[in-house]
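What follows is a single structure, written as structure tokens, with notes after it.
Heads up: numbering here begins at 1 and tracks the sequence.
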Amino acid sequence: MTARSIQFSDDQATAFDAVTDMLRQAGVDLDDVLLQPPRGETGVMALIGKAGSGKTLLLAELYKALAEAGVDVVSGDYESRKKGERRTLAILAPTNKAASVLRLRGVPATTIHRILYTPVYDPEYERIAEWLAGNGEKPEIEGLTDEALQRAAAFYEKNKSIPGALAAAGLRGSDFITGWKRRDEPLDIGFVDEASMLDDRQFEDLKEIFPTLLLFGDPAQLAPVNQSGSMVFDALPTPRKLELSRVHRQDADNPILDLAHALADPQLGFQDFENMIEDTARRDDRVVWGQRVEVDLMARSPVLVWRNVTRIRLINAFRSVYGAPEDALLEGEPLICDGIELPLKHRKKRLDLEARGLIKGAQVIYLGPGRKLGFSRLHVMGAEDPQVSAASIVKIEKPDEEEPFIPYAARMGATFLHGAAVTIHKAQGSQWGTVQVFAPDIYAAARMGRTEAGQPLWKRLAYVAITRAEGRLIWVVRNRLSKPSAPLPVDDLRAAPAAELKLEAQSE
């Protein structure tokens with residue numbers, strides 16, 4: 001195993017060695033720091049384990065080892081045409097939020113979509129990109145001073161983001177990116193975080209692109225909808241499925257993870273689990289026995305529920321206490337992208353919106369109406385370039401009404417549901433500092449007695465819900481809502497100019 005400053009446990013060291021062997025078969029020798037041309041398809045390997053078992057640590061250490069060996073990271077924002085025989089690595093996640101969690105930990109992750117669809121650069125500005133990437137001479141570009149180019153170079157030296165560097169030079173994305181196209185050439189090595197969220201179609205797409213693919217996933221999470229309770233790594237042969245068993249973050253006395261792993265006890269009933277939560281809340285303020293939903297948190301951290309009826313009622317209660325009008329959105333209201341409604345002839349526009357982060361499930365904050373009728377200014381949470389103006393169709397569902405209320409809409413564009421509350425299924429892949437879980441919904445699942453992949457459904461729901469919390473869990477036991485202490489916040493999303501927002505989001 002490559003010597004590293006991190007002290008691995010036995011199961012982590014075994015997994016690191018197995019992945020190292022896989023990479024050596026692919027022509028990347030981490031022990032001798034030797035890179036050879038790709039040797040064809042190496043296949044798929046999965047590294048699985050429950051929350052706190054060290055999956056993210058291993059992903060980060062493997063990335064560092066590959067970068068130190070000279071493997072280039074493909075970020076999804078620009079790829080040089082002068083590839084030669086270089087070896088590459090792409091680190092992917094199914095959602096913007098999951099990718100941003102990795103980026104905040106120093107891992108240059110992007111979304112699966114940003115790898116499936118690549119940007120097309122204007123030839124004039126592509127010369128700057130090639131120069132920044134070390135593949136050409138410093139260009140002379142009409143309208144850009146030498147000082148502007150130096151700002152771009154200084155940005156790229158620190159952040160390794162071509163769009164961010166061009167923004168630092170004073171350019172907008174619409175200046176240098178002319179469109180998006182489906183990738184027509186395979187890549188090399190792919191790491192996929194939150195692989196429990198992958199469906200079969202995404203998995204097949206990834207296998208076509210990456211001859212060497214490593215999946216990181218949690219087998220205790222909820223399987224994708226329409227997957228019959230199975231995950232894509234379940235069918236892999238045992239030698240290709242590495243399981244981490246030790247829960248390392250419990251060493252740091254993490255009460256949230258203690259609760260999550262207690263759910264593995266087959267004798268544990270719902271009432272026993274709630275008693276455990278209440279007892280933990282008495283001695284540790286990182287777990288709260290909540291008597292009401294805290295409305296101030298809902299704008300940025302949605303309440304997690306199981307049932308759609310609960311989600312819709314909480315959303316309408318949220319809008320009511322903030323005094324939201326029937327026919328418009330308030331600045332700062334949270335939305336969830338529900339897909340893109342565009343005909344096939346507008347495929348280019350669809351790719352542009354999706355590449356900017358408006359993929360199904362994306363968490364968005366409404367910043368106000370756009371310049372054109374039916375357009376909205378939006379902040380896409382966790383996206384690499386978060387500020388977007390898009391044609392929008394906003395649907396606000398009402399209790400006991402089949403058809404949603406639409407306060408305004410473009411004829412076509414990105415569709416949104418309200419995001420003050422979301423289902424636990426949709427929350428997978430995301431994490432928030434504080435998470436509110438609506439316990440009466442988990443109790444309803446427990447009373448129904450449903451199972452998924454041999455485990456009570458309520459336990460899977462509870463496990464996924466509470467492991468979305470990075471620092472604080474509020475287990476809400478009553479159907480009550482607090483009053484807001486202040487108007488919905490937006491100033492923090494507008495506090496920095498666009499170039500600085502890109503700097504923060506794209507520091508790769």
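- The pair E61-K64 counts as a salt bridge, with a side-chain nitrogen and a carboxylate oxygen less than 4.0 angstrom apart.
- Judged purely by atom type and a 3.5 angstrom limit, D338 has no side-chain atom pairing as donor or acceptor with the backbone of T415.
- With no hydrogens or angles considered, a side-chain donor-acceptor pair links D441 and T310 at under 3.5 Å.
- A cation-pi contact, defined as under 6.0 Å to the ring centre and within 45° of the axis, links K207 to F203.
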(request) Take L236 and V44, measure what side chain to side chain contact (heavy atoms under 4.5 Å, CB included) needs, and give me the verdict at the end. (result) CA-CA 8 Å; L236 293 178; V44 182; 4.1 Å; yes
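- Two residues are said to be in side-chain contact when any heavy atoms from C-beta on lie closer than 4.5 Å; I474 and W289 fail this criterion.
- No side-chain donor from either of N316 and R313 sits under 3.5 Å from a side-chain acceptor of the other.
- Side-chain contact between L215 and V232: present, with at least one pair of heavy atoms (C-beta onward) separated by less than 4.5 Å.
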(message) Let's go through V476 and V437 carefully: what are the C-alpha distance in whole Å and the side-chain angles of both, what is the deciding distance for side chain to side chain contact (heavy atoms under 4.5 Å, CB included) to 0.1 Å, and is it a yes or a no?
(response) CA-CA 6 Å; V476 180; V437 180; over 6 Å; no
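- Between Y443 and F270, the angle of the ring planes lies from 30° to 60°, which puts this pair in the tilted group.
- When all heavy atoms are compared, the tightest approach of P94 to E194 is CG-O, 3.6 Å.
- Using a 4.5 Å heavy-atom cutoff, the side chains of M45 and L213 are not in contact.
- Side-chain polar atoms of N96 and T111 form no donor-acceptor pair below 3.5 angstrom.
- Closest approach of E326 to P407, counting heavy atoms only: O-CB, 4.0 Å.
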(request) Could you walk me through whether V74 and I115 pass the side chain to side chain contact (heavy atoms under 4.5 Å, CB included) test, one step at a time? (result) CA-CA 8 Å; V74 176; I115 288 297; 4.1 Å; yes
(request) Decide yes or no on side-chain hydrogen bond (donor to acceptor under 3.5 Å, both in side chains) for D218 and S196, but give the supporting numbers first. (result) CA-CA 6 Å; D218 185 339; S196 55; over 6 Å; no
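- Heavy atoms of other residues, nucleotides or ligands lying less than 6.0 angstrom from CG of N479 number 12 at most.
- Residues W458 and E452 have side chains that never bring a donor and an acceptor to within less than 3.5 angstrom of each other.
- Proximity of a side-chain donor or acceptor of S301 to a complementary backbone N or O of L297 within less than 3.5 Å is not detected.
- For the pair K398 and E403, the salt-bridge criterion is not met [side-chain N within less than 4.0 Å of a carboxylate O].
- A salt bridge links D284 to R286: at least one charged side-chain nitrogen sits closer than 4.0 Å to a carboxylate oxygen.
- Inter-residue side-chain proximity for E331 and L367 is flagged as unmet; no heavy-atom pair is nearer than 4.5 Å.
- Between R300 and I365, the closest side-chain pair of non-hydrogen atoms falls below 4.5 Å.
- Checking side-chain atoms of N275 against main-chain N and O of Q271 turns up a donor-acceptor pair under 3.5 Å.
- Looking at S100, its side chain does come within 3.5 Å of a backbone N or O of K97 through a donor-acceptor pair.
- Judged by distance alone, the side chain of Q428 and the main-chain N or O of M197 form no donor-acceptor pair under 3.5 Å.
- Side chains of W475 and E274: a donor on one and an acceptor on the other come within 3.5 Å.
- At least one side-chain heavy atom of L304 sits less than 4.5 Å from a side-chain heavy atom of V422.
- Side-chain contact check for I393 versus F416: every heavy-atom pair is 4.5 Å or farther apart.
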(request) Go through the steps for H418 and E397 under the test side-chain hydrogen bond (donor to acceptor under 3.5 Å, both in side chains), then give the verdict. (result) CA-CA 8 Å; H418 206 278; E397 297 146 297; over 6 Å; no
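- In this structure, K395 does not pair ionically with E401, as no charged nitrogen and carboxylate oxygen lie closer than 4.0 Å.
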(request) Would you sort out whether F191 and Y63 count as a ring-ring contact (aromatic ring centres under 6.0 Å, His included), showing the intermediate values? (result) CA-CA 9 Å; F191 289 177; Y63 150 65; 8.6 Å; no
(request) Applying side chain to side chain contact (heavy atoms under 4.5 Å, CB included), run through L58 and F16 and close with a yes or a no. (result) CA-CA 7 Å; L58 276 169; F16 193 100; 3.9 Å; yes
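- The closest side-chain heavy-atom distance from F210 to I189 is not below 4.5 Å.
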